[in-house]
Amino acid sequence: MIQVQHITKAFAGHTAVSDVSFDVEAGEILGFLGPNGAGKTTTMRVVTGFLPPTHGTVVVGGYDVVTAPLAVKSLIGYLPEHVPLHPEMRVSEYLSFRAALKGVARAKVGRAVERAIEECIIGDVRGRVIGQLSKGYRQRVGLADALVSDPPILILDEPTIGLDPTQIREVRKLIKELGRKRTVVLSSHILPEVEAVCDRVVIISRGRLVGEGTPEELKRQLEGKVGAQAEVRAADFDPAAFESVAGGCSVESEALEDDVHRVVITAGEEAGAVEEEVFLVCVERGWVLRELKKTHVSLEDIFVEIVAREDHADREADEEPDEEPDKEADKEADEEPGEEES
Amino acid sequence: MSARAGSRTMSGAGEAVLRWLRTLWVLFVRELRSIFLTVLAYAVLCLSLFANGGVFLIYVFVFSESHQGINMPPMEMFFGQTIFFYIIMLVGPPLITMRSIAAEWKSGTIEAVLTAPVTEAQLVLSKFMAYWCFFFALWVPTVSYPLLLEWYGNLDWGPVASGYLGILLLGGLLVSLGIFTSALTKHQLLAGLLSFSLGFVLFVVGILAYLNVSAKATPFFEFINMWGHMEEFAQGTVDTRRVVFYLSSIATVLFVTIKAVQLKRVGQ
């Protein structure tokens with residue numbers, strides 16, 4: 001349904017997206033995951049035809065975004081990041097305007113608006129002026145706007161940002177329902193959201209594609225990865241003692257007090273019971289084991305790790321951090337930390 | 001570029017034109033309604049009524065005191081033969097148009113508009129049409145002045161009609177300049193100041209025609225002299241050259257505006 005091929009988007013002074021390619025199949029929900037300033041919004045703007053790519057092509061439903069922008073735009077329902085709505089209009093009035101603008105036949109506008117209002121549960125604010133709505137309702141009006149012409153493709157940029165937890169759950173449920181008969185691309189910087197809603201995930205960091213797969217695939221790649229975390233008191237502490245655990249693993253340690261050290265051990269996939277081996281090493285050396293915990297690597301850890309690794313590599317490559325200029329710092333506030341400790 | 005989507009089949013071409021016009025109409029209606037929902041609209045409406053009313057009162061008094069040697073009918077004077085007219089003309093359009101596109105850049109609604117099947121041309125044209133209509137709405141109440149004169153005496157309605165045509169054309173140019181500067185920035189005030197400056201420069205360069213700066217340049221100054229043009233219109237002369245000048249200038253400014261929106265969108 002959507003083929004994104006090697007798109008690069010450069011602005012004066014920095015490159016927001018470089019050489020990103022991915023496909024979206026008809027009927028799937030694709031999650032577009034990345035930290036703030038990774039280039040998610042820019043990519044979505046390129047796909048919707050709002051921004052032309054510097055290089056590369058985007059084909060939506062068989063139409064090229066650059067050469068047939070109107071055909072592409074009539075296939076897509078788009079919810080922009082900050083949900084820009086005309087504040088002076090009433091909800092139903094705005095939706096009628098948008099439906100007409102998107103080419104819904106005059107006689108069908110009323111029905112289309114009713115359906116969108118019903119689907120997004122905004123019936124109780126239909127007569128209100130948009131400027132006076134709460135963030136949650138604005139978000140849902142934005143969604144209704146994206147839906148109103150019943151487009152086969154929905155592109156939603158951070159659809160749950162700024163919502164309270166109940167609203168987040170409602171919107172996610174709504175997206176899942178919408179995704180049953182439509183192709184949906186949604187961006188998010190919150191991993192559990194993507195995990196909960198999407199069929200497939202694309203991870204983007206600093207303008208580059210760094211991972212792709214179903215949440216299960218991504219998880220399976222990492223599920224084998226187990227490890228242990230221990231706190232050890234020993235005068236003759238030597239982290240190298242743990243390196244042979246599980247047939248070779250990575251060990252990080254830091255000194256907490258004089259003799260007390262924290263050790264984080266991450267083993268390979270077929271590692272087995274790492275914590276038992278850690279215990280045995282301590283016994284053998286006569287070290288005091290103050291705490292021992294089995295750890296699983298969550299998708300979130302991987303996400304953070306991939307992003308951090310890329311980040312690190314990038315910073316070595318060029319000193320200048322190229323963030324998107326319009327990203328506010330307050331978006332950092334994660335609604336859901338999504339820890340997966342066991 | 002707008003017809004591209006529909007031009008795949010010949011039979012679809014007519015339909016595509018209709019669709020194009022419908023989108024323009026939908027945008028225009030929304031824009032016009034939203035103008036009338038702003039406080040600024042009513043403030044400008046009141047101000048222009050006060051200003052025009054006061055000015056007209058002065059003309060009538062001047063006219064009644066014909067011993068001062070001024071022998072010009074009030075309506076002719078009203079259509080641009082005093083500086084008051086140009087003050088209203090140069091201040092009004094920047095004031096009403098400054099938010100037209102700047103506000104869309106600021107709030108981001110332009111992203112919603114341009115990701116619907118809408119071209120920049122439709123956006124700019126609909127803005128221009130809506131603000132031009134609003135501009136003319138400011139002048140509609142002044143029709144009561146010639147009606148008043150008709151009540152107390154005889155009035156030649158020909159020059160009145162051509163006078164309003166002049167207001168419409170000159171106003172159209174100033175409104176298009178306002179839309180243009182508003183497309184350049186998200187700061188309304190900046191857009192307003194810029195379009196006021198453009199209009200003011202146009203006015204000043206035009207009246208250089210009266211100063212005989214150089215014989216070579218005078219025809220050029222006359223060509224853009226809005227005072228001179230309004231004089232003709234007020235006397236009942238509709239010169240095709242003037243009509244063509246204003247309409248083609250408006251078209252040029254709007255074309256540049258469309259290009260400006262495209263360029264600015266790319267650099268977003």
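Residue numbers start from 1 in every chain, and the chains themselves are labelled A, B, ... in the order their sequence lines are given, proteins ahead of strands.
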Measuring heavy-atom distances to chain B, does [X] have an atom under 4.5 Å in its side chain, in its backbone, in both, or in neither?
{"X": "A:Arg106", "result": "both"}
{"X": "A:Leu101", "result": "both"}
{"X": "A:Ala10", "result": "neither"}
{"X": "A:Tyr78", "result": "side chain"}

Looking at CG of B:Leu254 and NZ of B:Lys127, how far apart are the two atoms once the value is rounded to the nearest 0.5 Å?
->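 Those atoms lie 13.0 Å apart.
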Go through the steps for B:Arg30 and A:Glu88 under the test salt bridge (charged side-chain N to carboxylate O under 4.0 Å, His left out), then give the verdict.
-> CA-CA 11 Å; B:Arg30 194 212 75 81; A:Glu88 75 279 5; 3.0 Å; yes
Segment of B:Leu37 engaging chain A (4.5 angstrom heavy-atom cut-off) =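 Answer is side chain: those atoms of B:Leu37 sit under 4.5 Å from chain A.
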If one checks every heavy atom of B:Val29 against chain A at 4.5 Å, the contacting part turns out to be neither
Flag the one option from A:Pro87, A:Ser74, A:Ala100 with the top tally of heavy-atom pairs under 4.5 Å to chain B.
-> A:Ala100
Donor-acceptor contact present, side-chain B:Arg19 to main-chain A:Gly103, <3.5 Å = no
Okay, side chain of A:Ser21, backbone of A:Gln5: is any donor-acceptor separation there less than 3.5 Å?
-> no
Pairing of B:Glu111 and A:Arg45 as salt bridge, 4.0 angstrom limit =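 Yes.
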Is the shortest distance from a Lys or Arg side-chain nitrogen in A:Arg126 or A:Glu118 to a carboxylate oxygen in the other one below 4.0 Å?
-> no
Most heavy-atom pairs under 4.5 angstrom with chain A, which of B:Ala112, B:Ser107, B:Gly108?
->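 When all of B:Ala112, B:Ser107, B:Gly108 are compared, B:Ala112 has the most.
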